[in-house]
J.: 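Take a look at this one; I'll ask things after.
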Amino acid sequence: MPIREITTKPYLDQKPGTAGLRKKVTVFQQPHYLENFLQSIFDCAPEIRGATLVIGGDGRYHNRDAIRTAISMAAANGVRHIVVGQGGLLSTPAASNLIRKRGAAGGLLFTASHNPAGPDGDFGVKFNIAGGGQAGEGLTDRIYQQSKSITRYRNCDDADIDLDRRGEQTLEGTTIEIVDCVDDYAALMQSLFDFDRMRDWIKKGHSLRFDAMHAVTGPYAQRILVEQLGAPAGAILNANPLPDFGGGHPDPNLVYGKHLVDLAFGEGAPELLAASDGDGDRNMILGRGIFISPGDSLAMLAANLPQLPGYRDGLRGIARSMPTSRAADRVAKELKVPLYETPTGWKFFCNLLDAGNVTICGEESFGTSSSHAREKDGLWAVLAWLNVLAISGRSVREIAEAHWQHYGRHYFARHDYDELPATHAEAVMQAFAGSLASLQGQQVSGYEVTTADEFSYQDRVDGSIAVAQGLRVVCGEQARIVMRLSGTGTQGATLRVYLERYEKDPSAQGWNPAEALAPLAAAADQLARISALTGRKAPSLVT
Ligand code: VG1
Ligand code: CO
């Protein structure tokens with residue numbers, strides 16, 4: 001199995017987005033496509049040579065092929081030790097944990113998150129660095145530049161690797177260690193949460209339901225919730241990972257998780273209902289008769305976290321992405337800890353976490369996690385809620401209502417317009433940008449505009465600046481309209497419109513979010529001429 005240098009020609013479309021390189025499976029199946037990108041990573045991150053690399057994926061179609069290629073190329077590029085999840089499976093947070101625990105110089109994660117899988121579905125690759133976080137903007141751009149001029153890559157001929165056999169194998173002097181995908185992650189969760197209290201809570205007959213959506217979290221939920229915490233096997237839905245995710249769309253939100261919503265609002269509903277996405281980094285939380293929006297979940301967990309074993313020292317700070325509702329800001333204020341507002345994408349939290357500035361982070365896109373990892377962590381959020389329920393003896397609804405009563409309620413919704421022609425999406429952004437200039441001091445939907453600008457962010461640790469991170473109209477604490485274009489799609493452009501409205505008075509908090517936000521939605525349409533410029537009467541998805 002000699003190492004070979006293979007001559008190649010660059011593909012010019014390998015620009016990573018919000019979370020790595022995401023394309024149709026058929027794009028990744030083109031000769032040398034994945035190889036070019038991986039070699040660009042090895043070229044731009046020479047520290048991996050002679051070091052440890054973690055490799056895993058969410059189990060989707062093409063996962064095994066891609067992982068074999070990655071192992072073979074890593075060996076040919078002089079990686080000393082490769083740690084791979086058995087069967088090629090590692091959830092994104094579990095991979096982040098393994099990178100940290102093994103002192104690895106990096107990790108390759110094969111996932112397109114919640115995007116549908118299968119031969120006609122999506123595929124993706126993310127490069128994570130030492131410490132377990134996603135490569136930052138600078139390195140990501142260097143990798144992209146390298147991919148545009150690449151002329152050769154290194155590979156081993158006919159590498160024969162058994163991804164299912166636990167233990168060590170060798171390839172051209174590189175050790176390949178196949179590990180159980182759950183062990184280290186489960187141990188980490190045990191170090192953070194009170195497993196005895198959670199076990200008791202379940203034993204007393206409190207019920208929960210977790211939907212793994214035929215994606216990567218099945219084995220994790222099975223081990224932790226069923227085997228370790230004693231939940232009945234029926235508490236986990238769709239527990240077996242399938243290459244096409246069972247034909248479903250493992251995106252835990254009100255649309256793709258509607259069956260859970262129906263269960264939560266139906267008779268005999270379980271007390272805690274949750275779901276995760278394709279690669280296990282997202283979470284949706286529901287209780288009997290209530291949906292907890294991700295921004296609320298961040299705020300409520302932040303307020304309750306210091307009661308949990310791993311967080312007894314209190315919070316250092318809280319971070320949220322800019323479009324995420326400002327519910328967490330109020331908790332930070334009361335706890336007298338800093339609140340950081342970052343651009344969309346988990347990579348922006350990593351330097352803050354590394355510097356010890358924040359303990360918990362969240363995004364409106366159903367992402368929450370803490371300093372235990374450098375990725376968002378779906379099951380972590382579920383266990384955190386479960387632990388809070390177990391120690392407080394309160395229901396999800398009671399916790400939420402007490403929170404709103406104390407802090408006020410932030411109504412929030414995201415309206416997505418999918419698969420727009422790029423020209424339409426850009427025209428909307430331009431129209432909105434054009435409106436911003438004259439909005440200062442004006443009224444929008446009855447609120448006075450205090451800021452109308454484009455968000456940019458300077459990293460406090462490395463000084464780097466990220467520009468053009470979304471357009472926003474801020475009406476003090478009362479309301480906000482934010483717009484940005486997605487960086488994770490694989491087809492056309494996706495416009496995201498984020499609406500937020502604050503209601504302090506508990507007697508006025510009984511609206512449903514769609515009603516509460518309708519005037520702001522109308523204002524957004526008017527300011528950015530969305531329906532006029534796109535021909536769409538309504539968003540494709542409201543979450
Ligand atoms: C989306 C979300 C963002 C999230 C990203 C990756 O990005 O909005 O909050 O971090 O997906 O999540 P965009 O650019 O499409 O809005 V995951 O679970 O797909 O790794
Ligand atoms: Co994901």
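The basis for the numbers below is simple: all heavy atoms, side chains too, and nothing from hydrogens, waters or symmetry mates. We count ligands from 1, going down the list as the structure has it; atoms in each ligand are counted the same way. All values derive from a computational prediction rather than experimental measurement. If you read the sequence from its start, that first residue is 1, and numbering goes on from there.
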J.: Test of geometry: compute the angle OD1(D279)-the Co ion (ligand 2)-OG(S113) and round it to 10°.
T.: 100°
J.: Heavy-atom contacts under 4.0 Å between R22 and ligand 1: side chain, backbone, both, or neither?
T.: side chain
J.: When you measure from the centre of the six-membered ring of Y502, is the NZ or CZ of R330 under 6.0 Å away and within 45° of the axis?
T.: yes
J.: Assess whether a salt bridge exists between E364 and R480, defined as any Lys/Arg side-chain N lying under 4.0 Å from an Asp/Glu carboxylate O.
T.: no
J.: Could you check atom 8 (O) of ligand 1 against the protein and tell me its nearest heavy-atom contact, residue, atom and distance included?
T.: R414 NH1, 3.5 Å
J.: Does Q134 have a heavy atom less than 4.0 Å from any atom of ligand 1?
T.: no
J.: Using a strict cut-off of less than 4.0 Å between a Lys/Arg side-chain nitrogen and an Asp/Glu carboxylate oxygen, indicate whether D120 and K24 qualify as a salt bridge.
T.: no
J.: Is the closest N or O pair between K126 and ligand 1 shorter than 3.5 Å?
T.: no
J.: Salt bridge (Lys or Arg N to Asp or Glu O under 4.0 Å) with K376: which of D279, D277, D281?
T.: D281
J.: Quick one: does E500's side chain have a donor or acceptor within less than 3.5 Å of a partner on T324's backbone?
T.: no
J.: With heavy atoms of R496 as the reference, note each atom of ligand 1 found under 4.0 Å away.
T.: 8 (O), 13 (P), 15 (O), 16 (O)
J.: Which heavy atom of the protein is the closest neighbour of atom 10 (O) of ligand 1, given with residue, atom name and distance?
T.: E363 OE1, 2.7 Å
J.: Could you see which bit of T494 sits under 4.0 Å from ligand 1, with heavy atoms only: side chain, backbone, both or neither?
T.: neither
J.: Of all the non-hydrogen atoms in the protein, which one sits nearest to atom 17 (V) of ligand 1, and at what distance?
T.: S113 OG, 2.9 Å
J.: Return the name of the atom in D281, of element N, O or S, nearest to the Co ion (ligand 2).
T.: OD1
J.: Of all the atoms in ligand 1, which lie at a distance below 4.0 Å from a heavy atom belonging to D281?
T.: 17 (V), 18 (O), 20 (O)
J.: Show which atoms of ligand 1 fall inside a sub-4.0 Å distance from at least one heavy-atom site of H114.
T.: 19 (O)
J.: Is any NZ, NE, NH1 or NH2 atom of the basic residue among D122 and R60 found under 4.0 Å from an Asp or Glu carboxylate oxygen of the other?
T.: no
J.: With a 3.5 Å distance limit and no angle check, can you tell me whether H214 reaches the backbone of N240 through a side-chain donor-acceptor pair?
T.: yes
J.: Charged N to carboxylate O below 4.0 Å: is that the case for R320 and E363?
T.: no
J.: Looking only at protein heavy atoms, which one is nearest to atom 14 (O) of ligand 1, and how far off is it?
T.: T18 OG1, 2.4 Å
J.: Assess G345 for proximity to ligand 1: is some non-hydrogen atom of it under 4.0 Å away?
T.: yes
J.: Give the atom name of whichever N/O/S atom in D277 sits closest to the Co ion (ligand 2).
T.: OD2
J.: Would G487 count as a polar contact of ligand 1, with the cut-off being nitrogen or oxygen pairs under 3.5 Å?
T.: yes
J.: Between R223 and D180, does any NZ, NE, NH1 or NH2 come within less than 4.0 Å of an OD or OE carboxylate oxygen?
T.: yes
J.: Might you confirm whether atom CZ of R68 has over 12 heavy atoms from other residues, nucleotides or ligands at distances under 6.0 Å?
T.: yes
J.: Note the single closest protein heavy atom to atom 7 (O) of ligand 1, along with its residue, its atom name and the distance in Å.
T.: T488 CG2, 3.5 Å
J.: What residue and atom, counting heavy atoms only, is the protein's closest point to atom 6 (C) of ligand 1, and at what distance?
T.: K376 NZ, 3.5 Å
J.: How close does the nearest protein non-hydrogen atom get to atom 11 (O) of ligand 1, and which residue and atom is it?
T.: R282 NH2, 3.1 Å
J.: At a 4.0 Å threshold, what atoms of ligand 1 neighbour a non-hydrogen atom of D277?
T.: 18 (O)
J.: What orientation do W380 and F193 show, parallel under 30°, tilted 30 to 60°, or perpendicular over 60°?
T.: tilted
J.: Among protein heavy atoms, which sits nearest to atom 2 (C) of ligand 1, and what does the distance come to when rounded to 0.1 Å?
T.: S365 OG, 3.5 Å
J.: Determine yes or no for a side-chain-to-main-chain donor-acceptor pair under 3.5 angstrom, with Q14 supplying the side chain and Y33 the backbone.
T.: yes
J.: Using a plain distance cutoff, I'd like to know if T344 has any nitrogen or oxygen under 3.5 Å from a nitrogen or oxygen of ligand 1.
T.: no
J.: In this structure, are over 12 heavy atoms from other groups packed under 6.0 Å from R529 atom CZ?
T.: no
J.: Just which atoms of ligand 1 are under 4.0 Å from any heavy atom in A19?
T.: 6 (C), 20 (O)
J.: Which label fits Y498 and F412: parallel for a plane angle under 30°, tilted from 30 to 60°, or perpendicular past 60°?
T.: tilted
J.: Could you tell me whether R484 and ligand 1 have an N or O pair separated by under 3.5 Å?
T.: yes
